[in-house]
Amino acid sequence: MSNYPVEAIRTVALVGHGDSGKTTLAEALLFKSGAITVAGTVERGDTVCDFDPLEREYLHSLGSAVAHFRHGGAEVRLIDTPGYHDFIGQALAALTAVETALVVVNAQNGIELSTRRMMDWAAERSLCRIIVVNKIDTERVDLPGLLAQLRETFGKEVLPINLPAGGASRVVDCFFNPAGEADFLSVAEAHQALVDQVVEVDEALMARYLEQGEVRPDELHAPFERALRDGHLIPLCFVSARTGAGVPELLDVLAKLAPNPTEGNPPLFYKGKGAEAVPFRSVPDPDRHVLAHVFKVVIDPFVGKLGVFRVHQGTVRRDSLLFVGDGKKPFKVGHLLRLQGKRYEEVDSLIPGDFGAVTKVDEIEFDSVLHDSHDEDQIFLMPLAFPTPMQGLAIEAKRHGDEQRISEVLHRLPAEDPCVRVEQHPTTHETVLLGMGELHLRYLLDRMAMTYKLEVQTRPPRVPYRETITRPAEGHNRHKKQTGGAGQFGEVFLRIEPLARGAGFLFVDEVKGGVIPGQFIPSVEKGVRAALAAGPVAGCPVEDVKVTVYDGKSHSVDSKDVAFQAAGRKAMLEALRAARPIVLEPVVAIEITAPEAKLGDLTADLTGRRGQVTGTEPLSQSMALIRGQVPLAELEGYAGRLKSITAGQGAYALLFSHYDAVPQDVQQRMAAGYQVELEEE
């Protein structure tokens with residue numbers, strides 16, 4: 001059994017923009033706490049959390065890494081996450097496993113794209129948030145200005161819990177022992193602001209505070225936790241992970257003030273599916289049934305599949321039996337592991353709040369729920385809204401005979417990263433690997449080459465256009481075939497109508513009197529879906545359509561599955577042609593970080609790409625943020641164009657926004673090209 005209680009555990013995720021120093025901070029925390037004897041560096045490639053060979057080559061994190069240390073009686077479970085937008089899936093997944101998000105900010109760069117996003121995403125998951133301003137000893141940083149900017153951006157709830165002192169060579173505490181001088185602001189006033197903010201969540205304590213004018217720090221623990229849970233307080237810590245300034249104080253904040261699993265907001269579990277789903281509250285009690293959630297999957301060619309999970313309820317023991325989701329057959333926990341970067345430690349048991357891992361369990365997938373009783377069947381964690389991967393590469397084998405290996409490897413990549421997708425285009429037969437950006441795709445290709453020894457050829461894929469309809473229509477087909485023996489017969493009447501953009505596909509059975517026997521309705525739907533795979537205008541998948549089958553005919557001998565599939569497909573094709581179909585193109589939201597002096601050139605470039613600028617705002621003294629929307633088809637080669645305009649100082653991120661109708665001239669060109677393809681076939 002574990003020799004520490006649940007109340008001793010703290011779970012934290014280091015999140016924030018790339019180059020904010022999260023991995024270096026994780027290394028400093030591990031070193032100062034005594035978990036490691038020598039602190040590594042990213043440059044040398046010997047940190048605990050950046051252990052992947054490609055991370056050492058790229059010099060930044062590419063995936064999340066789990067570590068642990070002990071300080072002041074607290075058992076801290078830490079996840080270091082990548083900061084660049086291309087690897088956002090790994091950072092978001094970490095938020096499901098922790099009570100507290102440590103949002104790390106580069107003191108020199110200020111508030112960046114991922115800073116805002118991680119603060120928002122952590123708030124949506126009801127996590128406690130602590131801002132950590134790193135690199136405070138960097139030259140020409142304006143720490144008072146950054147503090148003001150953070151408070152302006154994220155609210156008056158942002159209050160410093162310590163302050164830089166001695167020219168940022170150390171920090172002075174503003175909460176437990178508020179004494180001493182700081183480089184800016186008054187320590188006493190900072191302490192007063194913290195107390196004023198915390199007592200607001202406890203009426204009785206606030207009344208006594210107003211009457212007596214003072215409360216002891218040890219009386220503030222419970223209201224402090226409540227203020228964190230409610231988002232009424234966002235403490236801010238100053239550190240220099242490089243020199244160690246502020247790291248001991250941050251360790252104390254984690255040990256004394258960060259919530260344990262019994263104090264944080266409960267995880268967002270629910271039980272049931274669809275409209276019948278109801279909230280389910282897990283209890284961080286070691287004696288209850290086991291409930292654990294898989295937040296990371298690694299597929300290693302030598303070790304096999306590794307499922308990394310957070311225990312939310314019960315105790316996971318070696319040799320115990322666990323179910324995966326709604327699976328009926330349990331697996332045996334042969335090896336129960338605790339992770340310290342790439343190092344695996346065998347343990348006997350894990351309690352609520354602990355991170356652990358099991359290997360070689362094929363049924364485990366990302367987001368799986370593990371449990372030890374059928375009482376916990378159909379329990380899920382509220383899913384994350386992962387960004388849709390929009391940048392892709394068409395992939396094919398470089399060597400003849402590798403086609404099957406490519407298929408196997410491409411199946412593994414999305415299993416490890418929720419922001420990776422593989423699509424098969426039904427008309428061009430392209431296999432397209434989709435990721436969050438060019439860096440993401442480059443990493444995936446490098447991983448295929450390094451880990452799986454698989455070389456591939458790539459080219460830009462076709463844009464994932466879609467088709468839809470603009471008015472209702474009807475379709476009918478009688479499929480009749482006689483070949484001397486048993487024949488084929490099926491007749492289908494259906495009507496179609498457009499749905500709201502993004503609604504997908506809806507199939508409705510309104511057949512009366514059994515004119516189409518019930519066992520053949522799924523056959524009709526299968527034929528309809530086959531017709532939707534390639535639309536009549538440009539051969540693109542059709543979506544946002546409601547299909548209602550309302551009449552038909554059957555034959556007692558000749559009606560069969562294949563007949564109604566054929567009738568459903570042909571009736572659907574007839575209806576689609578009559579419903580005034582149009583082509584839709586994906587429109588992405590784009591956020592560009594660039595020198596403020598280049599705003600005019602960049603907005604003009606976006607406008608020339610049929611884009612629309614929706615807003616701009618300053619990020620620091622010289623950098624600015626541009627928000628806009630632009631058709632994905634217009635962004636081919638944009639990375640090079642941005643680099644040219646900004647002399648390499650610009651960066652951008654894409655998020656899928658919506659589908660919209662292509663201009664008429666574009667649709668005409670696409671339709672003409674599709675007709676040529678059909679004629680050539």
Side-chain angles (χ1 to χ4, degrees), residues 52-55 57-58 62-63 82 84-90 297-302 304-305 365-366 386-466 533-535 538-541 543 585-586 588 631-640 652-656 659 670 673-674 677 680-681:
D52 187 279
L54 286 172
E55 289 178 319
E57 180 180 326
Y58 284 39
L62 302 171
Y84 288 102
H85 174 78
D86 288 43
F87 307 99
I88 196 68
Q90 297 274 330
V297 169
V298 179
I299 301 178
D300 188 287
F302 305 104
K305 180 182 283 189
E365 305 289 348
F366 169 76
F386 287 104
T388 303
M390 294 302 300
Q391 289 195 244
L393 287 172
I395 289 183
E396 61 185 27
K398 201 169 192 177
R399 294 188 298 267
H400 182 68
D402 275 350
E403 291 81 7
Q404 182 60 36
R405 289 195 63 221
I406 285 180
S407 177
E408 292 172 358
V409 171
L410 290 180
H411 178 72
R412 293 178 179 182
L413 297 179
E416 296 181 292
D417 189 336
C419 287
V420 174
R421 200 166 69 212
V422 178
E423 291 185 349
Q424 298 284 343
H425 196 285
T427 53
T428 64
H429 307 294
E430 285 183 321
T431 298
V432 179
L433 177 64
L434 292 158
M436 296 303 297
E438 294 180 14
L439 179 61
H440 195 193
L441 292 171
R442 192 179 86 204
Y443 159 70
L444 294 172
L445 295 177
D446 285 348
R447 178 137 193 270
M448 291 169 71
M450 179 178 288
T451 305
Y452 299 105
K453 312 301 180 189
L454 183 62
E455 299 289 340
V456 297
Q457 293 179 325
T458 65
R459 62 179 182 278
R462 291 192 175 187
V463 173
Y465 291 104
R466 299 288 186 263
C540 306
E543 60 183 29
E585 65 180 344
V588 295
L632 181 64
E634 299 291 335
L635 288 176
E636 185 175 347
Y638 186 69
Y652 73 102
L654 303 179
L655 289 173
F656 172 73
Y659 271 90
M670 294 178 68
Y674 183 52
E677 287 182 17
E680 290 177 350
E681 290 179 2

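Note that the coordinates shown come from a computational prediction; the quantities given were computed from them, not determined experimentally.
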Do [X] and [Y] come close enough that some side-chain heavy atom pair is under 4.5 Å?
X	Y	value
R459	Q457	no
L441	L433	yes
K305	E365	yes
E396	I406	no
V420	P414	yes
Q424	T431	yes
R412	R447	no
L444	E416	no

Closest non-hydrogen atom pair between [X] and [Y], with its separation:
X	Y	result
A534	Y674	CB-OH, 4.4 Å
P464	P586	O-CD, 3.8 Å
P418	G89	CG-O, 4.1 Å
P387	C419	O-SG, 3.8 Å
E403	R399	OE2-O, 4.5 Å
E55	G63	OE2-N, 3.4 Å

[X] side, atom [atom1]; [Y] side, atom [atom2] - distance, nearest 0.5 Å:
X	Y	atom1	atom2	value
K398	L454	NZ	CG	10.5 Å
L393	E430	CG	CD	10.5 Å
L434	L413	CG	CG	12.0 Å
M450	L54	CE	CG	4.5 Å

Is there a side chain to side chain contact (heavy atoms under 4.5 Å, CB included) between M670 and E585 once you walk through the steps? CA-CA 12 Å; M670 294 178 68; E585 65 180 344; over 6 Å; no

From CA spacing to verdict: side chain to side chain contact (heavy atoms under 4.5 Å, CB included), Y58, R442: CA-CA 11 Å; Y58 284 39; R442 192 179 86 204; 3.6 Å; yes

Which residue pairs pass the ring pair (Phe, Tyr, Trp, His ring centres under 6.0 Å) test with at least one member in residues 430-464, sequence neighbours excluded? F87-H440, F87-Y443

Decide yes or no on salt bridge (Lys or Arg N to Asp or Glu O under 4.0 Å) for E455 and R405, but give the supporting numbers first. CA-CA 10 Å; E455 299 289 340; R405 289 195 63 221; over 6 Å; no

If you apply the rule side chain to side chain contact (heavy atoms under 4.5 Å, CB included), what do you find for L655 with H85, and how did you get there? CA-CA 10 Å; L655 289 173; H85 174 78; 4.0 Å; yes

Does CD belonging to E636 count more than 12 external heavy atoms closer than 6.0 Å? no

Between Q90 and L62, does a side chain to side chain contact (heavy atoms under 4.5 Å, CB included) hold up when you go through it step by step? CA-CA 8 Å; Q90 297 274 330; L62 302 171; over 6 Å; no

